[in-house]
Student: 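I have a structure I would like to understand better, so I am pasting it below and will then ask my questions one at a time.
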Amino acid sequence: MIAHVFGLPFHDPNPPADSRSGNRCGRLSNNAAPEPVAKGKTITITGKLERANWDTYTYTGYTQQIVHLQERSLTGSYATTSSHRTGTGSQAGVEKKTRTATTDRCYRYAFEGTSTTPPVNGTGDCVDVR
């Protein structure tokens, strides 16, 4: 929390409990590509897990976290098909998996959360298989 003391910004190392509540907001993006895709070709599902950085006021990649790749039919419910650890370094928070295109499907990544970051699901991205 930044307070202004004598007109200068001041970082309070012990902010009021309600200002941070111990959690950092997270977000999870995903993209399944290419769209549309020919049956039998490869689909790449890319996701990026990020969480709020209080020092820079930006979202940064959340590394070495377990994310679950989920998929569903166009009318079904999401089910986890595999679990993976997010990347580090230049690939901070990034996860990338491939699947073979067989039928129209929707894909997303899901994060169960930690003691400092609540759970979050990516929005689904559906692929048209032709």
Side-chain angles (χ1 to χ4, degrees):
M1 173 180 214
I2 303 282
H4 289 276
V5 178
F6 305 113
L8 300 173
F10 172 76
H11 178 69
D12 183 356
N14 299 305
D18 63 338
S19 69
R20 286 194 189 169
S21 69
N23 281 332
R24 298 182 188 199
C25 293
R27 66 182 181 190
L28 184 54
S29 60
N30 37 243
N31 181 44
E35 298 173 62
V37 64
K39 188 173 188 174
K41 296 294 184 181
T42 300
I43 301 167
T44 302
I45 305 103
T46 305
K48 184 167 187 180
L49 176 62
E50 300 176 297
R51 72 174 180 169
N53 181 321
W54 291 323
D55 296 324
T56 61
Y57 301 105
T58 61
Y59 281 88
T60 56
Y62 196 10
T63 63
Q64 293 297 303
Q65 299 303 309
I66 300 290
V67 292
H68 305 286
L69 178 58
Q70 299 180 328
E71 61 182 83
R72 68 172 175 85
S73 65
L74 295 180
T75 58
S77 298
Y78 280 103
T80 298
T81 58
S82 56
S83 300
H84 313 279
R85 209 170 268 287
T86 59
T88 61
S90 64
Q91 294 295 308
V94 174
E95 178 53 34
K96 188 181 289 189
K97 289 295 161 200
T98 59
R99 294 286 185 264
T100 300
T102 55
T103 61
D104 293 352
R105 306 285 294 168
C106 300
Y107 300 89
R108 74 176 183 186
Y109 282 100
F111 173 62
E112 290 182 0
T114 63
S115 61
T116 59
T117 306
V120 63
N121 292 329
T123 56
D125 190 10
C126 298
V127 176
D128 180 20
V129 177
R130 296 184 178 179

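Quick caveat: nothing in here was measured; it's all calculated off a predicted structure.
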Student: Locate the shortest heavy-atom distance separating Arg85 from Glu95; write the atom from each residue and the value.
Tutor: O-OE1, 3.1 Å

Student: Once rounded to the nearest 0.5 Å, what's the spacing between atom OG1 of Thr117 and atom CD of Glu50?
Tutor: 12.0 Å

Student: Hey, are the side chains of Glu71 and Ile45 touching, using non-hydrogen atoms and a 4.5 Å cut-off?
Tutor: no

Student: If I compare all heavy atoms of Asp125 with all of Ala32, which pair ends up nearest, and what's the gap?
Tutor: OD2-N, 2.7 Å

Student: Which distance, rounded to the nearest 0.5 Å, do you find between the CZ of Arg108 and the CZ of Arg72?
Tutor: 8.5 Å

Student: Measuring from Lys96:NZ to Lys48:NZ, what's the distance to the nearest 0.5 Å?
Tutor: 12.0 Å

Student: Search all heavy atoms of Ser83 against all heavy atoms of Ile66 and return the closest pair with its distance.
Tutor: CB-CG2, 4.2 Å

Student: Give me the atom names and distance for the closest heavy-atom approach of Ser73 to Arg105.
Tutor: N-NH1, 3.5 Å

Student: Quick one: pull up OG1 in Thr81 and CD in Gln70 and give me the separation to the nearest 0.5 Å.
Tutor: 8.0 Å

Student: Would you mind telling me which of Val67, Leu49, Val120 makes a side chain to side chain contact (heavy atoms under 4.5 Å, CB included) with Tyr109?
Tutor: Val67

Student: Going through the checks in order, is the side-chain contact (heavy atoms from CB on, under 4.5 Å) test met by Thr103 and Val129?
Tutor: CA-CA 6 Å; Thr103 61; Val129 177; 5.7 Å; no

Student: Dump the intermediate steps for side-chain hydrogen bond (donor to acceptor under 3.5 Å, both in side chains) on Arg99 and Ser82, then the final yes or no.
Tutor: CA-CA 11 Å; Arg99 294 286 185 264; Ser82 56; 3.1 Å; yes

Student: Decide yes or no for Tyr107 and Asn30: does some side-chain heavy atom of the first lie under 4.5 Å from some side-chain heavy atom of the second?
Tutor: no

Student: Which pair of heavy atoms, one from Ala101 and one from Val37, lies closest together, and at what distance?
Tutor: CB-CG1, 3.6 Å

Student: For the atom pair OG1 (Thr116) and CZ (Arg51), what is the distance rounded to the nearest 0.5 Å?
Tutor: 4.0 Å

Student: Going by heavy atoms in the side chains, are Thr86 and Phe111 under 4.5 Å from each other?
Tutor: no

Student: May I ask whether Leu69 and Leu28 are part of the same hydrophobic cluster, defined by side-chain heavy atoms of I, L, V, M, F, W, Y residues being less than 4.5 angstrom apart, directly or through others?
Tutor: yes

Student: Should we say atom CD of Glu35 is surrounded by more than 12 heavy atoms from elsewhere, each under 6.0 Å from it?
Tutor: yes

Student: Group every Ile, Leu, Val, Met, Phe, Trp and Tyr by side-chain heavy-atom contacts under 4.5 Å, then state whether Val94 and Tyr59 land in the same group.
Tutor: no

Student: Grab the two heavy atoms, one from Asn53 and one from Thr56, that are nearest each other, plus how far apart they are.
Tutor: OD1-N, 3.1 Å

